[in-house]
Undergrad: 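Could you have a look at this structure, given as structure tokens, before my questions?
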Amino acid sequence: MTAQRGREARTSARAAASAQLGPETRAETWQRLGEETFDLVVIGGGIVGAGTALDAATRGLRVALIEARDLASGTSSRSSKLFHGGLRYLEQLEFGLVREALRERELMLTRLAPHLVKPVSFLYPLTHRGWERPYTAAGLLMYDTMGGARSVPGQKHLTRAGALRMVPALKRDALIGGIRYYDAQADDARHTMTVARTAAHYGAVVRNSTQVVDFLREADRVSGVRVRDVESGQEADVRAHAVINATGVWTDELQRLSGSRGRFRVRSSKGVHIVVPRDRIVAESGMILRTEKSVLFVIPWRNHWVIGTTDTDWNLDLAHPSATRGDIDYLLEHVNKVLATPLTHDDIEGVYAGLRPLLAGESEETSKLSREHAVARVAPGLVAIAGGKYTTYRVMAADAVDAAAVDVPERVQESITDKVPLVGADGYHALVNQADHLASDHGLHPYRVRHLLDRYGSLIGDVLALAEGRPDLLKPIEAAPDYLRVEAVYAATDEGALHLEDVLARRTRISIEYPHRGVDCAEQVAELVGDVLGWTPEQRREEVDVYRARVEAERDSQAQPDDEAADARRVAAPEARQRLTEPVS
């Protein structure tokens, strides 16, 4: 046993030398899955699963992270892209939750991911005289006092004239004044992928396109999982002391597959966002608008605005939730109530729909560690975690590993991820100061280099190194000039992208940032990615055809009147990963 542990430790140390998720490491990780015994196997490559793998790896555990589709391919690429405390939770007197979330926001901005998480301002328009300003100010003062103003500016009160100078797009009669406050935002898909790469850096086996098809058992305990490589069709048994189900909206499906009785159920709530060009709303700040049900955010997003979200039950296909014409009309109707120049359907560049995993009910046996998420040891060797919000993923991850620790034979250390910067964070600030020199060295505009730094941080050198001897890679992608060609190559060499959809929808956000939604540059990107992944001309053509079919199906679904009709149109499109089977995990 000691010799085996020594061999596994050496293997883990070799793996820890790099955060690269590329074709060269894919064969090695498959071999490790079949040969090693892990302390933890984490199912689900969203932010909670990636965070759990990082938490476990940095505690010294041997961990594997398994995702059937792509990293962040579900909820974690379809959020409002905010790290926020949640102002509305103050109204619900959820002070502990707000304090917890604001602490996480602070950590991301200052220590863990300053290259990915940035401050963003919002105007809160006031519409009632007398009570509303002091009421809202009191809430924002608590927000600032609980940690909100340590790394971002505090609230600022504005007259109507001042608010209109900040957001000239507003109707004069839409407000009587305003209060500006700050939160933070990030590219959710890129952040999730970076968390997973950081886990790999610390020795975790991280593998997408790897589906759990069964659970292994020894007597009454779960002892691992059987997995299928959905690219090759190969299967392998993965042994582990404990398995963590971190599959979000798929939690119940995996629970049924395991044959164990769940301690809670997960309900899916659909949230839809639309993306419009920045020049359609003249403003220096985002906005938060009250609706009859909740709030509506207008969020600055590079050269765009993200407007959302809706909140409706969803009981159809979990992988491809569909926005309907009604969802889009709802968003336009509510934002147009305050805009002097209304938005139309023709202004929309992109639309995306995601599913929130909400807790539908718990038993007395559930370990409910906050009002937002639940963790339960549903069987010996099997832990489930669900609910929660993106901002507090690190807390959720620590709770999940703590719950699984009882099944790990060795003593498990305390969580330290509040001290572990994500890859790309170290040295980021120095490189920002050197951006002009970097730009000159590579023949790029300083604005371009700063954009790359905010996507890759101190890994920018690895990205630009791929263009040595290939200056054509430093040119923009045709029809998507916000991105360089080398970024598509790097997505395949280092970031685990295996399909065209992975690059256009998640490693970049071309699928929601351009009216063509990636179709006009699909062939060029397929050629760049295919050179890395060894695609034949036929494979490249198939990747392009599948992606175009996906976009066509999404456009079609977004013209439908209800969820059922929209879902039928969307699920008709082919899957990029054609060997996937249900249930998908």
Side-chain angles (χ1 to χ4, degrees), residues 77-81 123 125 164 167-174 270-289 291 296-312 320-354 476-483 501 504-505 508-522 547-563 565-570 572-573:
S77 60
R78 305 174 190 180
S79 74
S80 294
K81 313 192 188 316
L123 175 70
L164 289 171
V167 184
L170 288 172
K171 297 175 182 176
R172 279 193 60 82
D173 62 358
K270 184 178 70 168
V272 174
H273 296 78
I274 59 175
V275 183
V276 301
R278 194 65 176 264
D279 61 7
R280 297 301 190 274
I281 301 176
V282 181
E284 299 174 6
S285 171
M287 290 181 283
I288 178 172
L289 308 172
T291 70
L296 189 73
F297 284 101
V298 180
I299 306 164
W301 178 256
R302 297 196 282 268
N303 298 324
H304 320 269
W305 297 99
V306 173
I307 302 171
T309 179
T310 62
D311 185 0
T312 55
H320 307 295
S322 305
T324 65
R325 177 83 179 199
D327 294 327
I328 297 169
D329 287 343
Y330 171 88
L331 295 174
L332 290 175
E333 175 191 349
H334 282 79
V335 76
N336 284 339
K337 287 180 180 179
V338 301
L339 294 180
T341 302
L343 298 173
T344 70
H345 284 269
D346 291 338
D347 292 321
I348 296 174
E349 296 175 301
V351 180
Y352 63 94
I477 294 172
E478 293 174 11
D482 284 345
Y483 300 92
E501 175 187 323
L504 295 176
T508 69
R509 308 317 295 267
I510 292 172
S511 66
I512 61 171
E513 292 177 342
Y514 290 89
H516 59 75
R517 305 193 184 182
V519 168
D520 290 359
C521 60
Y547 185 79
R548 285 176 171 165
R550 163 209 159 116
V551 172
E552 183 179 356
E554 286 183 347
R555 288 187 187 277
D556 194 9
S557 68
Q558 291 157 16
Q560 301 307 310
D562 55 49
D563 284 346
D567 180 69
R569 303 300 174 91
R570 179 59 185 89

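Worth saying up front: this structure is predicted, and the values here are computed from it rather than measured. Just the heavy atoms: all of them, side chains too, but no hydrogens, waters or symmetry mates, feed the values below.
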Undergrad: Can you find a heavy atom in the side chain of S322 that is under 4.5 Å from one in the side chain of K270?
TA: no
Undergrad: Are the side chains of I307 and L343 in contact, using a 4.5 Å heavy-atom criterion?
TA: yes
Undergrad: Return the orientation label for the H334 and Y330 ring planes: parallel under 30°, perpendicular over 60°, tilted otherwise.
TA: tilted
Undergrad: Side chain of T309, backbone of V272: donor and acceptor closer than 3.5 Å?
TA: yes
Undergrad: Salt-bridged, R548 to E552, with N to O below 4.0 Å?
TA: no
Undergrad: Measure the shortest side-chain to side-chain distance between V167 and M287 over non-hydrogen atoms and say whether it is less than 4.5 angstrom.
TA: yes
Undergrad: V338 versus P125: any side-chain heavy-atom pair under 4.5 Å?
TA: no
Undergrad: Answer yes or no: is there a side-chain heavy-atom contact under 4.5 Å between I510 and H516?
TA: yes
Undergrad: Which class fits the ring pair H273 and Y352: parallel under 30°, tilted 30 to 60°, perpendicular over 60°?
TA: parallel
Undergrad: Identify the two heavy atoms, one from A479 and one from Y514, that lie closest to each other, and give their separation to 0.1 Å.
TA: O-CD2, 3.6 Å
Undergrad: Extract all donor-acceptor atom pairs below 3.5 Å that involve side chains of residues 274-283 and protein atoms in other chains or at least two apart in sequence.
TA:
{"unit_1": "R278", "atom_1": "NH1", "unit_2": "R302", "atom_2": "O", "d": "2.6"}
{"unit_1": "R280", "atom_1": "NE", "unit_2": "D347", "atom_2": "OD1", "d": "2.9"}

Undergrad: Kindly give the heavy-atom pair with the smallest separation between R509 and Y483, and that separation in Å.
TA: N-OH, 3.2 Å
Undergrad: Report yes if the side chains of H304 and D482 come closer than 4.5 Å at any heavy-atom pair, otherwise no.
TA: yes
Undergrad: Looking at side-chain heavy atoms only, is the closest gap between R78 and P321 below 4.5 Å?
TA: yes
Undergrad: Using salt bridge (Lys or Arg N to Asp or Glu O under 4.0 Å) as the criterion, list what pairs up with E349, not counting sequence neighbours.
TA: none
Undergrad: Evaluate the side-chain proximity of L332 to T344: yes if any heavy-atom separation is below 4.5 Å, no if none is.
TA: no
Undergrad: Judged by modelled atom types alone, do H345 and D329 share a side-chain donor-acceptor pair under 3.5 Å?
TA: yes
